[in-house]
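Structure first, then comments.
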Number of protein chains: 2
Amino acid sequence: MRESLDHGAADDTRRRLVSAALKQFGRHGFTATSTRALAAEAGTNIASIAYHFGSKAGLYRACGEHVAAAITETVGAPRDHAGCSPAEAAELLERMMRAMVGFLCTSPAADTLVAFLLREMAEQGAALDTIYGSLIEPKHRELSVLWGAATGRDAESEAVRLAVFAMIGQVVYFRIGRPVVQRRMGWDDIGPAEAARIADILARNLRAAIKGQRL
Amino acid sequence: MRESLDHGAADDTRRRLVSAALKQFGRHGFTATSTRALAAEAGTNIASIAYHFGSKAGLYRACGEHVAAAITETVGAPRDHAGCSPAEAAELLERMMRAMVGFLCTSPAADTLVAFLLREMAEQGAALDTIYGSLIEPKHRELSVLWGAATGRDAESEAVRLAVFAMIGQVVYFRIGRPVVQRRMGWDDIGPAEAARIADILARNLRAAIKGQRL
DNA sequence: GTCTATAAACAGATAGAC
DNA sequence: GTCTATCTGTTTATAGAC
């Protein structure tokens, strides 16, 4: 591992390679991406992949780590919501959901991250383990605590955990099914305006679901 | 095109090739699947792929058509729900949603179909056009009519179309995110029992969403 | 560290025997 | 229709010059 404060030419090549790889692996998959195309987009040569990452597979692993780090940074560390009132919890859930919609639908960075993650999920790749443990699990736990507080149920009950997945599912589908959604909605693109309208519908669903599950 | 009533050895080879291809294309993607591996799993030789489908790409196209046909058969032709009462519409929506959950989560056939479709969606492949026009669009329209009837809103209003996507998103996420869901729920597998518990939560969400959006 | 040249393995397509 | 053998191009990885 290199000094993280070093910003030499080598680190720059590494960065460019990871950036190109994230994009191409996400778009075409591991096998369909050739080291030639990667080197070309990164503005370097084929041999540098082996030099910096050992192999094409090593570069892929580096991408997985980059994705995990990037998403962790955007979603932030999970916080402790003990002693949250039902109203506060519901409002917090809505805010977090709106942030998720905004990020997934409008952030340019989300494009490559989601494409990479989706492939990883379908292929049951090794990077999924890291991402699950360091990101998905703790975040889902945090949302479960809030959902439990909002509905008056046990945060780790089966119903609450499933309800949180259902909420997440609504959000991520608008990214995964984006081409289908755009076509059916007659939208040329999903920008901030469209994302806000999606978030409004989902927020209404969220409030209704909480109300319907409240004890 | 061959006689559909003919069940000779050639048709059998075709069937075995499509079956193997559906599985491997879905699992590893187009490029990562070699014609050698396909021929091996289908119990035939490489040359037969070119003979029966023209090329590897031709076999892929045949898979796309097979998927579209298979899903169309399971979801059935969209029906006309004009003059449906709000209560009837809501009940019908719930029944259709439960059927979707059951099929997606427990049917062995869904495994390969969904994997293939998911890749097709991510890669923006050509088969998506066929599947969108012949399947997704009409089905989404049918659900929109029911949602409109259940909530008293215009079936083609933006809010209704988005709400239908949100409902679908909840369901498909439990299939797409299946490895994540299993892990968080501590389930070894998602069988009929687990699918029923998922459907119960989603049905409650559905009723709550309809109630919350009702005019 | 960067790059060219090349080695060794693999891909898809096809010719031709049966 | 089926299958073997082979052609042609591309792949990743690497040796070695600079």
Side-chain angles (χ1 to χ4, degrees), chain A residues 1-64 116 119 123 125-127, chain B residues 1-64 116 119 123 125-127:
Chain A
M1 187 73 82
R2 292 183 111 275
E3 253 318 318
S4 57
L5 289 174
D6 188 339
H7 286 277
D11 276 329
D12 205 56
T13 302
R14 286 178 67 99
R15 271 197 318 104
R16 289 201 315 275
L17 273 173
V18 169
S19 171
L22 207 56
K23 188 169 139 192
Q24 296 199 30
F25 283 146
R27 185 124 50 194
H28 314 293
F30 181 77
T31 322
T33 301
S34 74
T35 52
R36 279 168 176 77
L38 287 173
E41 180 166 340
T44 182
N45 57 85
I46 317 175
S48 75
I49 292 174
Y51 178 79
H52 288 288
F53 301 96
S55 66
K56 180 185 175 184
L59 176 52
Y60 187 84
R61 276 190 295 274
C63 285
F116 186 90
R119 269 191 195 277
E123 283 167 41
Chain B
M1 188 71 82
R2 293 185 110 275
E3 255 317 320
S4 58
L5 290 175
D6 189 339
H7 286 276
D11 276 329
D12 205 57
T13 302
R14 285 178 69 99
R15 270 197 320 103
R16 288 201 315 273
L17 273 172
V18 169
S19 171
L22 208 55
K23 187 169 140 192
Q24 296 199 29
F25 283 146
R27 186 124 50 194
H28 314 294
F30 180 78
T31 322
T33 300
S34 74
T35 52
R36 281 167 175 79
L38 287 173
E41 180 166 342
T44 181
N45 57 86
I46 317 174
S48 76
I49 292 173
Y51 178 78
H52 288 289
F53 301 96
S55 67
K56 179 185 176 184
L59 175 53
Y60 187 84
R61 275 190 296 276
C63 286
F116 186 90
R119 268 190 195 277
E123 284 168 38

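Letters A, B, ... mirror the listed sequences (proteins, then strands); counts begin at 1.
Atom CD1 in A:Ile46 sits about 14 Å away from atom P in C:dT6, given to the nearest Å. Rounded to an integer number of Å, the gap from OH of A:Tyr51 to C1' of D:dA15 is 15 Å.
Side-chain proximity of A:Ala47 to D:dT14, C:dG12, D:dG1: nearest is D:dT14. When each of C:dG12, C:dA13, C:dG1 is scored by its nearest atom to the side-chain atoms of B:Ser55, the top-ranked nucleotide is C:dA13. In the set D:dT11, D:dT2, C:dT2, D:dT2 carries the atom at the smallest distance from any side-chain atom of B:Thr13. Closest to the A:Lys56 side chain, of the nucleotides C:dT4, D:dA13, C:dG12, is D:dA13. Across D:dT14, C:dC3, C:dA13, the shortest atom-to-atom separation from the side chain of A:Asn45 is found for C:dC3. Checked against C:dA13, D:dA13, C:dT14, the side chain of B:Arg36 finds its nearest nucleotide in C:dA13. Of the candidates D:dA13, C:dG12, D:dC3, D:dC3 carries the atom nearest the B:Thr44 side chain, counting heavy atoms from C-beta on. The nucleotide whose nearest atom lies closest to any side-chain atom of B:Ala50 is, among C:dT14, D:dT11, D:dT2, C:dT14.
Contact of the A:Arg16 side chain with the A:Glu41 side chain is not registered, since no non-hydrogen atoms from C-beta on lie closer than 4.5 Å. Residues B:Thr13 and B:His52 meet the side-chain proximity criterion, which asks for heavy atoms closer than 4.5 Å.
Across the interface with DNA chain C, nearest-nucleotide mapping of A:Gly43 and B:Ser48 shows A:Gly43 to be the residue nearer the 5′ end.
Nearest heavy atoms, B:Thr31 versus B:Lys56: O-NZ, 3.7 Å.
Within 4.0 Å (heavy atoms only), B:Thr31 reaches no atom of the nucleic acid at all.
In this structure, A:Arg15 does not pair ionically with A:Asp11, as no charged nitrogen and carboxylate oxygen lie closer than 4.0 Å.
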